[in-house]
K.L.:
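Could you have a look at this structure, given as structure tokens, before my questions?
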Amino acid sequence: MTDETNEVVEATDIIEVDKYPTPEEEARDFDAKREHDQLDVRDRKKDIEFKEKYFGLTKWITGFWAGFIMIAVATQIVLNAMGAGLSDPAFIALITTTTGTLLGFWYLIGRSLFPNGKT
């Protein structure tokens with residue numbers, strides 16, 4: 001370090017910083033595009049974290065749906081063998097509506113996580 005003169009002060013062994021820069025030097029050192037790019041990178045990282053979080057939740061819901069369908073089919077087979085259970089049209093409606101709901105869910109999640117095809 002130096003005294004109050006306008007001499008170079010070593011901030012580290014790598015970077016030399018003028019203790020009293022001129023306005024031209026400050027303008028040169030301030031790079032608005034670089035600052036904007038750094039903010040953009042931070043914003044994209046947060047966006048990716050958000051998408052990963054909700055995609056994980058979506059995968060869990062899909063797994064739950066697949067388990068429900070398997071249990072419903074197995075239950076229907078067992079109950080049909082015993083003379084009980086849903087009628088064929090009711091069972092088809094159950095499978096169709098749950099599948100349609102899940103596909104709609106994936107569509108809505110996809111549209112909210114990736115609006116207008118942007119990543």
Side-chain angles (χ1 to χ4, degrees):
M1 298 204 150
T2 60
D3 56 11
E4 300 294 315
T5 63
N6 196 14
E7 295 180 21
V8 173
V9 177
E10 290 185 348
T12 66
D13 292 338
I14 300 171
I15 301 171
E16 293 182 355
V17 179
D18 191 355
K19 189 171 183 179
Y20 300 102
T22 64
E24 293 81 19
E25 291 172 334
E26 285 183 353
R28 183 192 69 224
D29 291 340
F30 178 72
D31 186 1
K33 181 173 179 1
R34 183 183 57 140
E35 294 290 327
H36 180 268
D37 290 345
Q38 288 175 345
L39 290 174
D40 189 46
V41 166
R42 277 187 247 141
D43 184 47
R44 288 181 186 261
K45 285 181 181 178
K46 290 291 184 187
D47 190 44
I48 289 170
E49 289 173 8
F50 170 79
K51 290 177 181 181
E52 287 175 347
K53 176 184 174 184
Y54 285 99
F55 184 69
L57 178 64
T58 304
K59 289 191 306 187
W60 181 84
I61 291 172
T62 302
F64 180 76
W65 166 82
F68 171 77
I69 294 296
M70 289 187 280
I71 290 170
V73 170
T75 303
Q76 182 68 12
I77 291 170
V78 170
L79 290 176
N80 275 344
M82 296 182 345
L86 297 172
S87 65
D88 286 342
F91 183 68
I92 291 169
L94 173 70
I95 300 298
T96 304
T97 56
T98 55
T99 302
T101 301
L102 185 77
L103 293 175
F105 173 73
W106 271 97
Y107 175 76
L108 292 175
I109 293 295
R111 293 285 298 188
S112 67
L113 292 180
F114 304 100
N116 300 324
K118 296 177 184 175
T119 57

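Throughout, residue positions are numbered sequentially from 1 according to the sequence presented. All values derive from a computational prediction rather than experimental measurement.
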K.L.:
Just how far is it from atom OG1 of T101 to atom CD1 of I61, taken to the nearest 0.5 Å?
P.N.:
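So the OG1 of T101 and the CD1 of I61 are separated by 12.0 Å.
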
K.L.:
Look at the side-chain heavy atoms of Ile, Leu, Val, Met, Phe, Trp and Tyr, link any pair under 4.5 Å apart, and say whether W60 and L102 land in one connected group.
P.N.:
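Yes, W60 and L102 fall within the same hydrophobic cluster.
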
K.L.:
CG/L57 to OG1/T62 distance, rounded to the nearest 0.5 angstrom?
P.N.:
9.5 Å

K.L.:
For the CG atom of L108 and the CG atom of L113, what is their distance to the nearest 0.5 Å?
P.N.:
11.0 Å

K.L.:
Among residues at least two apart in sequence or on other chains, which ones pass salt bridge (Lys or Arg N to Asp or Glu O under 4.0 Å) with D43?
P.N.:
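Result, salt bridge (Lys or Arg N to Asp or Glu O under 4.0 Å) vs D43: none returned.
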
K.L.:
With sequence neighbours excluded, what pairs up with F55 under the ring pair (Phe, Tyr, Trp, His ring centres under 6.0 Å) test?
P.N.:
W106

K.L.:
Are M70 and V73 close enough, and set up right, to give a side chain to side chain contact (heavy atoms under 4.5 Å, CB included), and what steps lead you there?
P.N.:
CA-CA 5 Å; M70 289 187 280; V73 170; 5.9 Å; no

K.L.:
Do other residues, nucleotides or ligands put more than 12 heavy atoms under 6.0 Å from the CZ atom of F105?
P.N.:
yes

K.L.:
Supply the atom-to-atom distance D40 CG to Q38 CD, rounded to the nearest 0.5 angstrom.
P.N.:
11.0 Å

K.L.:
Between CD1 of I69 and CD of Q76, what distance do you get to the nearest 0.5 Å?
P.N.:
12.0 Å

K.L.:
Considering residues at least two apart in sequence or located in another chain, which fulfil the ring pair (Phe, Tyr, Trp, His ring centres under 6.0 Å) criterion with Y54?
P.N.:
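Partners of Y54 by the ring pair (Phe, Tyr, Trp, His ring centres under 6.0 Å) criterion, ordered by chain and then number, come out as F50.
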
K.L.:
Return the OG1 to CG distance between T98 and L103, rounded to the nearest 0.5 Å.
P.N.:
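Answer rounded to 0.5 Å: 9.5 Å.
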
